[in-house]
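Structure first, then comments.
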Amino acid sequence: MKPITLALAGVLGFATPLAWAGNADLDAKFKELVDRSFKTTGIAQKERMIQLDFQKLCSALEAGEKVDPKKIEELRQAQEQTIRWPSDGKFLGNWKEGEKIAQSGRGLTWTDNPDTVNGGGCYNCHQMDQKELSYGNIGPSLSGYGKLRGNSEEVLKYAWRQIWNSKSFNLCSSMPRFGDAGILTEQQIKDVMGYLFDPESPVNKNHK
Ligand code: HEC
């Protein structure tokens, strides 16, 4: 599971969770190593290597350090503040566009032009269409998502929030912050939502 997560972290550009917690000397050496080894190339900025506050905390947790649960909750609440709801109140876009986004892992690497349209790479972690042969299983299967859950406002909001910023539910979720980190646009998230919820989408149509 690890290598896939880390490779993906590289592609999508969120900070790699490396745990050197508690050793200032090693910490300084590591920072120096990163500084020497990485450089900004094209759209891949070196700043991506700097851990955000919640990423630091999750690394500490992974390293087995004791972390005050209040701190975890505080940072989770801060992630919740990042959620932006669809500006026109409409959650669902075009499922056909959404399918392309779910299947594409392109974007944000140093070989991509700045105008490359980013993909969501959902298949790297989720089964979505039962007819699809190849998919990752870091996340739960999303096959039949709308068929099984319906499309009440509560369900739509839950899925939107998960896609916009998964850390607003589970601070140390491995799912990228598609909206908050600017990986996908609002329209792209609507299209991916269409892919999850439209009865005509293969996510629901192929679900047996
Ligand atoms: C790096 C792996 C990864 C990628 C890529 C990923 N997810 Fe997830 N996703 C997860 C994990 C893990 C969960 C389980 C909850 C958690 O830990 O946040 C999840 C949960 C979800 C859920 C909530 C399921 C439920 O009902 O509880 C939805 C919806 C979802 N993902 C949609 C997507 C979509 C759409 C994409 C592509 C735009 C995507 N995910 C890409 C890892 C991923």
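Start at 1 and go down the list; that is how both ligands and their atoms are numbered. As the structure is a computational prediction, the values presented were derived from the model and not from experiment.
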Let me check your reading of the structure: within less than 2.8 Å of atom 8 (Fe) of ligand 1, is there an N/O/S atom from Met175?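 Looking at Met175, which is the residue asked about, there is an N, O or S atom under 2.8 Å from atom 8 (Fe) of ligand 1.
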Can you tell me if, anywhere in Cys122, an N/O/S atom lies at a distance from atom 8 (Fe) of ligand 1 that is smaller than 2.8 Å?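 So Cys122 does not bind atom 8 (Fe) of ligand 1 by this criterion.
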Relative to each other, are the rings of Trp160 and Phe91 parallel, tilted or perpendicular (30° and 60° limits)?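 Ring orientation of Trp160 relative to Phe91: perpendicular.
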When the ring planes of Tyr145 and Phe197 are compared, do they come out parallel, tilted or perpendicular, using 30° and 60° as the limits? perpendicular
Can you list the ligand 1 atoms lying under 4.0 Å from a non-hydrogen atom of [X]?
| X | answer |
| --- | --- |
| Val192 | 35 (C) |
| Ile138 | 12 (C) |
| Arg149 | 26 (O) |
| Asn170 | 16 (C), 17 (O) |

So that I can tick it off, tell me whether [Y] and [X] are bridged by a salt bridge, with the cut-off set at under 4.0 angstrom between side-chain N and carboxylate O.
| X | Y | value |
| --- | --- | --- |
| Lys205 | Glu200 | yes |
| Lys100 | Glu97 | yes |
| Asp88 | Lys190 | yes |

Looking just at side-chain N and O atoms, do [X] and [Y] make a donor-acceptor pair shorter than 3.5 Å?
| X | Y | result |
| --- | --- | --- |
| Ser59 | Gln51 | yes |
| Asn206 | Asp129 | yes |
| Ser141 | Ser143 | no |
| Thr109 | Asp112 | yes |
| Gln77 | Glu73 | yes |

Which one holds for [X] and ligand 1: side chain close, backbone close, both close, or neither close, with close meaning a heavy atom under 4.0 Å?
| X | answer |
| --- | --- |
| Tyr195 | neither |
| Ile163 | side chain |
| Tyr158 | side chain |
| Ala102 | neither |

Flag Ser174 as yes when one of its N or O atoms lies below 3.5 Å from any N or O atom of ligand 1, and as no otherwise. no
From [options] - option closest to [atom] by heavy atom:
| atom | options | answer |
| --- | --- | --- |
| atom 31 (N) of ligand 1 | Lys167, His126, Gln188 | His126 |
| atom 25 (C) of ligand 1 | Tyr145, Tyr123, Phe178 | Tyr145 |
| atom 4 (C) of ligand 1 | Cys125, Pro140, Ala159 | Cys125 |
| atom 18 (O) of ligand 1 | Ser173, Gly179, Cys172 | Ser173 |
| atom 11 (C) of ligand 1 | Gly139, Gly121, Pro176 | Gly139 |

For Asn124, is the nearest heavy atom under 4.0 Å from an atom of ligand 1?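 No heavy atom of Asn124 comes that close to ligand 1.
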Where do Asp180 and Arg177 land on the salt bridge (charged side-chain N to carboxylate O under 4.0 Å, His left out) test, with the steps shown first? CA-CA 5 Å; Asp180 180 46; Arg177 294 167 296 133; 2.8 Å; yes
